[in-house]
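Worksheet: one structure, shown below.
In this chain, numbering begins with 1 at the start of the sequence shown.
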Amino acid sequence: HYTCPGCGAAMTFSPVTGTLRCAFCQSEVPIEGGERPLVKHDFRTARHESGTSSDPTRDTAQDLTRDITCPKCGGSFTLDAHTVSANCPYCETPAITEFVHPIQPDGLIPFRIPHSEAQAIFAQWIGSLWFAPSELKRLVDTQKSLTGYYLPWWAYDADTDTTYAGQRGDTYYVTVQRREIIDGKERIVEEQEPRIQWTPVRGRVTRHFDDVLVRASEGDARTILDALAPWDTAQLTPYAPQYLSGYDTEEYTIGLERGFDTARMWMESVIRSDIRSDIGGDEQQITDTDTQYHAISYTNILLPLWMTHFTYRGKVYHYAINAQSGRITGKRPYSYTKILLFAGTLLLLAGAAFYGYQTYVKHTHAPTITPSSIGGSAG
């Protein structure tokens with residue numbers, strides 16, 4: 001942990017100032033080392049040197065839990081196998097430990113959005129949800145409902161060279177006749193009907209991929225993280241442990257090779273789009289591709305986000321905020337009681353409107369009764 005030189009309290013990283021800051025006396029300490037270049041590593045070399053150790057299983061990670069004694073209050077607590085930093089559950093003093101896995105972070109994007117701003121974003125988003133349970137909106141009133149996390153991601157670069165075979169489809173029109181009944185008479189009409197002319201094609205496309213991001217942590221809650229993109233990797237900063245002070249941090253549980261398998265699937269979808277553009281025409285068919293990957297490199301990075309969860313009727317809903325851009329994502333529950341009440345209100349309003357219309361029609365079109373209409377005038 002980092003101690004304030006002014007009053008001795010624990011210091012945490014401030015997204016507002018970009019420094020270590022003391023919450024009590026407001027002292028600030030700059031973080032050194034930000035000028036170092038961010039290193040990218042050769043993928044094939046790392047795979048050869050690390051072997052299977054670069055892709056640890058959960059069974060291996062479960063043996064690496066660590067017992068921590070808080071230097072401030074003396075309380076003891078345990079960090080999960082893949083957790084590198086957290087706050088003491090008794091006095092909130094930050095605790096940072098060493099990374100265990102062989103590949104360690106090269107850089108990170110520091111928190112840009114402080115807790116207060118993230119809480120306001122979360123409150124505004126919750127308030128915009130229709131038919132949300134009242135319990136969910138009360139979650140906003142819990143000022144510590146959001147927890148700051150640094151989560152691990154792989155960032156891959158690669159040069160690709162793809163040869164392909166397929167067919168180009170060009171639309172042309174032919175005049176066809178058909179029978180049609182017009183004004184009770186059968187007539188023959190002509191119209192233009194589209195056809196496709198297919199031509200075999202072969203070609204080659206190349207593309208450079210830069211910073212293809214793949215999340216390196218597992219778990220059901222992590223499935224919402226892909227929706228937090230985009231991330232501005234131009235703001236990546238060389239790793240320094242001071243950035244972790246005050247936040248929970250995890251190291252990777254999805255290894256280097258498995259991460260690249262996911263990145264390659266995304267690259268292939270982009271390459272197929274390039275092939276379709278290269279084929280041209282109105283329609284395209286891709287029958288064969290052969291992609292060669294060159295100069296594959298990677299970095300292991302940490303990305304910042306605010307997270308919370310909500311349990312409703314036995315189901316857990318997770319929410320996350322991109323702490324760089326403010327983008328929020330998560331699955332929302334619905335209050336079926338509110339939906340039924342709303343539907344019932346609509347039915348009552350519709351019934352009232354129909355009754356009012358019927359009453360209006362009845363009074364507007366009712367016949368006017370005069371003496372002459374019932375037997376003439378008197379006398």
Checklist entry - Quick one: does E191's side chain get under 4.5 Å of V176's, heavy atoms only? => result yes

Next on the checklist: Quick one: does any side-chain atom of S273 pair with a main-chain N or O of S269 as donor and acceptor, under 3.5 Å?
Outcome noted: no

Checklist entry - With sequence neighbours excluded, what pairs up with D248 under the salt bridge (charged side-chain N to carboxylate O under 4.0 Å, His left out) test? => result none

Checklist entry - Below 4.5 Å, heavy atoms only, C-beta onward: do L151 and M307 meet side chain to side chain? => result yes

Next on the checklist: Please report the interatomic distance CD1(I301) to OG1(T233), rounded to the nearest 0.5 Å.
Outcome noted: 7.0 Å

Checklist outcome for this item: Shortest non-hydrogen pair, A263 vs V212, comes out as CB-CG1, 3.9 Å

Item to check | Heavy-atom closest pair, residues Y150 and P110 | outcome: OH-CA, 3.6 Å

Next on the checklist: Just checking E193: does its CD atom have more than 12 heavy atoms from other residues, nucleotides or ligands closer to it than 6.0 angstrom?
Outcome noted: yes

Checklist entry - What closest approach, in Å, do S217 and L225 show between heavy atoms, and which atom pair accounts for it? => result OG-CD1, 4.5 Å

Item to check | S27 side chain reached by C7 side chain, heavy atoms, under 4.5 Å | outcome: no

Item to check | Sequence-distant partners of T97, side-chain contact (heavy atoms from CB on, under 4.5 Å), two or more places apart | outcome: R66, I68, L79, V84

Checklist entry - Any salt bridge (Lys or Arg N to Asp or Glu O under 4.0 Å) pairs touching residues 274-289, not counting sequence neighbours? => result R207-D274

Checklist outcome for this item: Contacts satisfying salt bridge (Lys or Arg N to Asp or Glu O under 4.0 Å) that involve residues 232-247 (not counting sequence neighbours) are none

Checklist entry - Is a side-chain donor or acceptor of D67 paired with a backbone partner of T78 at a separation under 3.5 angstrom? => result no

Next on the checklist: Nearest 0.5 Å, please: how far is CD1 in I328 from CG in L228?
Outcome noted: 9.5 Å

Item to check | Distance in Å, L303 CG paired with I109 CD1, rounded so as to fall on 0.5 Å steps | outcome: 5.0 Å

Checklist entry - According to the interplanar angle, ranging from 0 to 90°, do the rings of Y156 and W154 count as parallel (below 30°), tilted (30 to 60°) or perpendicular (above 60°)? => result tilted

Next on the checklist: For the aromatic rings, using the six-membered ring if either is Trp, is the centroid distance between W306 and Y149 under 6.0 Å?
Outcome noted: no

Checklist entry - Does W153 reach the side chain of V214, with side-chain heavy atoms less than 4.5 Å apart? => result no

Next on the checklist: Using side chain to side chain contact (heavy atoms under 4.5 Å, CB included), reason through R264 and Y293 one step at a time and then give a plain yes or no.
Outcome noted: CA-CA 9 Å; R264 183 163 49 194; Y293 291 83; 3.1 Å; yes

Checklist entry - So V29 and M11, side chain to side chain contact (heavy atoms under 4.5 Å, CB included) or not? Walk me through it. => result CA-CA 9 Å; V29 175; M11 303 190 80; 3.8 Å; yes

Checklist entry - What pair of heavy atoms forms the shortest contact from K72 to C91, and how long is it? => result CB-SG, 4.2 Å

Item to check | side-chain contact (heavy atoms from CB on, under 4.5 Å) involving Q197 - partner list, sequence neighbours excluded | outcome: Y172

Checklist outcome for this item: Output for pair (T253 OG1, E218 CD), nearest 0.5 Å, gives 4.0 Å

Item to check | Any residue meeting side-chain contact (heavy atoms from CB on, under 4.5 Å) with E190, in chain and number order, not counting sequence neighbours | outcome: T175, Q177

Next on the checklist: List the residues meeting salt bridge (charged side-chain N to carboxylate O under 4.0 Å, His left out) with D161, not counting sequence neighbours, and say none if there are none.
Outcome noted: R204

Checklist entry - So R47 and D42, salt bridge (Lys or Arg N to Asp or Glu O under 4.0 Å) or not? Walk me through it. => result CA-CA 9 Å; R47 184 173 58 180; D42 183 74; over 6 Å; no

Checklist entry - Are T289 and I275 close enough that some pair of their side-chain heavy atoms sits under 4.5 Å apart? => result yes

Item to check | Ring geometry between F209 and W266 (parallel below 30°, tilted from 30 to 60°, perpendicular above 60°) | outcome: perpendicular

Item to check | F99: ring pair (Phe, Tyr, Trp, His ring centres under 6.0 Å) partners, not counting sequence neighbours | outcome: Y239

Checklist entry - Does CD belonging to Q235 count more than 12 external heavy atoms closer than 6.0 Å? => result yes

Next on the checklist: Does D170 form a side chain to side chain contact (heavy atoms under 4.5 Å, CB included) with I196? I'd like the steps, not just the answer.
Outcome noted: CA-CA 5 Å; D170 293 293; I196 301 293; over 6 Å; no

Checklist entry - Is a side-chain N or O of Q26 found less than 3.5 angstrom from the main chain of A23, in a donor-acceptor match? => result yes

Checklist entry - Can you list every salt bridge (Lys or Arg N to Asp or Glu O under 4.0 Å) pair that touches residues 8-18, not counting sequence neighbours? => result none

Checklist entry - Thinking salt bridges, do E186 and R179 make one under a 4.0 Å N-O criterion? => result yes

Item to check | Spacing of CG belonging to N300 relative to CG belonging to D106, to within rounding of 0.5 Å | outcome: 6.5 Å

Next on the checklist: Testing the basics here: between T12 and P94, what is the closest heavy-atom pair and its distance to 0.1 Å?
Outcome noted: CG2-CG, 3.6 Å

Checklist entry - Where does the angle between the aromatic ring planes of Y247 and F111 fall among parallel (under 30°), tilted (30 to 60°) and perpendicular (over 60°)? => result parallel

Item to check | Candidate pair Y2 and F13, rule side chain to side chain contact (heavy atoms under 4.5 Å, CB included), full reasoning | outcome: CA-CA 10 Å; Y2 298 94; F13 174 72; over 6 Å; no

Checklist entry - Passes side-chain hydrogen bond (donor to acceptor under 3.5 Å, both in side chains), T160 versus T162? Steps please. => result CA-CA 6 Å; T160 61; T162 304; 4.8 Å; no

Checklist entry - For S325, does its backbone N or O pair with a side-chain atom of N322 as donor and acceptor, under 3.5 Å? => result yes

Checklist entry - In terms of hydrophobic clusters joined by side-chain contacts under 4.5 Å, are I286 and V270 together? => result yes

Checklist entry - Could you walk me through whether D261 and R258 pass the salt bridge (Lys or Arg N to Asp or Glu O under 4.0 Å) check? => result CA-CA 5 Å; D261 289 340; R258 190 147 64 98; over 6 Å; no

Checklist entry - Is a side-chain donor or acceptor of T287 paired with a backbone partner of A165 at a separation under 3.5 angstrom? => result yes

Checklist outcome for this item: In short, D159 meets A295 closest at the heavy-atom pair OD2-CB, 3.7 Å

Checklist entry - Taking only residues two or more places apart in sequence or in another chain, which ones pass side-chain contact (heavy atoms from CB on, under 4.5 Å) with V316? => result H309, T311, H318

Next on the checklist: Strictly by salt bridge (Lys or Arg N to Asp or Glu O under 4.0 Å), give each pair with a member in residues 11-31 just once, sequence neighbours left out.
Outcome noted: R21-E28

Checklist outcome for this item: OG1 of T93 to NE2 of H1, rounded to nearest 0.5 Å, is 7.0 Å

Checklist entry - Hey, quick one: are L305 and V16 part of the same hydrophobic cluster, counting side-chain heavy atoms closer than 4.5 Å, chains of contacts allowed? => result no

Next on the checklist: Strictly distance-based, threshold 3.5 Å: is any side-chain N or O of E251 a donor or acceptor partner for the main-chain N or O of V100?
Outcome noted: yes

Next on the checklist: Can you list everything that forms a ring pair (Phe, Tyr, Trp, His ring centres under 6.0 Å) with Y164? Sequence neighbours excluded, please.
Outcome noted: none

Checklist entry - Can you check whether A158's main-chain N or O pairs, donor with acceptor, with S297's side chain at less than 3.5 Å? => result no

